[in-house]
Amino acid sequence: MPFLSRNTALCGAMLALLVLAAPATAQTTAGHDHAHTPAAPSAPAAAELPWTDAHVRRIDTAAGKVSLQHGDIKNLDMPPMTMVFQVRDPASLTGLAVGDPVRFTAEKLLGVYTVLQIEKRP
């Protein structure tokens, strides 16, 4: 019988540990409503970003890309240059042609320089 009483004692000790650990686990999540956790901060709204003047050098609507010769992009701390940007909404390229003067807003989203808004300048 010593074997049976030793197993019973071991099971009792394990049960006691589980019972004692349960309130501690409940306390660590008390007051944490994960369903209402605020989302991570997003990129600034396009309306808050500064506009940059540019000229269209190439358009690839199928790939959603545009090459722009642009001035300083203040929010990206980027000097004037010619470069290719991803476009958030490829439909915004409709009506643009190579050589058009434009103004645009851009941000670095997920590591990719992206045009958020673009429009022709007069």
Side-chain angles (χ1 to χ4, degrees):
M1 283 293 187
F3 177 75
L4 184 58
S5 63
R6 194 167 111 200
N7 278 344
T8 304
L10 196 62
C11 287
M14 290 177 70
L15 181 60
L17 282 175
L18 289 173
V19 169
L20 293 174
T25 304
Q27 288 175 356
T28 60
T29 59
H32 295 275
D33 186 359
H34 295 284
H36 298 291
T37 301
S42 61
E48 297 172 10
L49 295 173
W51 288 89
T52 302
D53 290 336
H55 284 85
V56 177
R57 292 294 169 233
R58 291 188 181 157
I59 300 171
D60 186 344
T61 308
K65 295 182 179 184
V66 63
S67 176
L68 298 173
Q69 180 182 1
H70 63 79
D72 285 324
I73 304 176
K74 292 180 182 5
N75 61 300
L76 297 175
D77 195 27
M78 185 182 293
M81 66 178 76
T82 300
M83 64 178 284
V84 177
F85 290 87
Q86 188 69 42
V87 180
R88 181 170 60 175
D89 179 13
S92 66
L93 298 175
T94 303
L96 296 181
V98 172
D100 280 349
V102 295
R103 69 182 200 140
F104 70 101
T105 61
E107 187 61 274
K108 192 170 186 178
L109 304 176
L110 301 174
V112 178
Y113 291 111
T114 305
V115 170
L116 304 180
Q117 298 173 295
I118 188 167
E119 58 187 41
K120 279 188 187 181
R121 284 186 291 134

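Heavy-atom minimum distance, Arg58 versus Val66: O-CG2, 3.3 Å. In terms of heavy-atom proximity, Val98 sits nearest to Arg57 at CG1-O, 3.4 Å. When all heavy atoms are compared, the tightest approach of Leu96 to Ile59 is O-CD1, 3.3 Å.
Here the NZ atom belonging to Lys108 is positioned 10.0 Å from the OG1 atom belonging to Thr114, to the nearest 0.5 angstrom. Atom CD of Gln117 is separated from atom CZ of Arg88 by 7.0 Å, given to the nearest 0.5 angstrom. For the atom pair NZ (Lys65) and CG (Leu93), the distance works out to 12.5 Å, reported to the nearest 0.5 Å. Here CE of Met81 is found 12.0 Å from CG of Leu68. Values are rounded to the nearest 0.5 Å. In this structure, Lys74 NZ and Leu49 CG are separated by 13.0 Å, a value rounded to the nearest 0.5 Å.
Side-chain N or O atoms of Asn75 include one that pairs as donor or acceptor with a backbone N or O of Ala106 at under 3.5 Å. Under the 3.5 Å distance criterion, the side-chain polar atoms of Asp100 are left unmatched by any main-chain donor or acceptor of Val102. In terms of modelled atom types and a separation under 3.5 Å, the side chain of Gln86 and the main chain of Ala63 share a donor-acceptor contact.
For the pair His70/Met83, a side-chain contact is recorded, criterion being any heavy-atom separation below 4.5 Å from C-beta on. Contact annotation: the side chain of Asp53 never approaches that of Pro101 to less than 4.5 Å [non-hydrogen atoms, C-beta and beyond]. Contact check for Ser92 versus Val87: side-chain heavy atoms found under the 4.5 Å cut-off. Counting heavy atoms from C-beta outward, Asp60 and Val84 have side chains that stay 4.5 Å or more apart. Taking the side chain as every heavy atom from C-beta outward, Thr52 and Thr105 never approach each other to under 4.5 Å.
Few gaps surround CZ on Arg121; more than 12 heavy atoms of other groups in view lie less than 6.0 Å from it.
Under the 4.5 Å side-chain heavy-atom criterion for grouping Ile, Leu, Val, Met, Phe, Trp and Tyr, Trp51 is not connected to Ile73 through any hydrophobic cluster. The hydrophobic cluster containing Val56 also contains Phe85, counting ILVMFWY residues as joined when their side-chain heavy atoms lie under 4.5 angstrom apart, directly or transitively.
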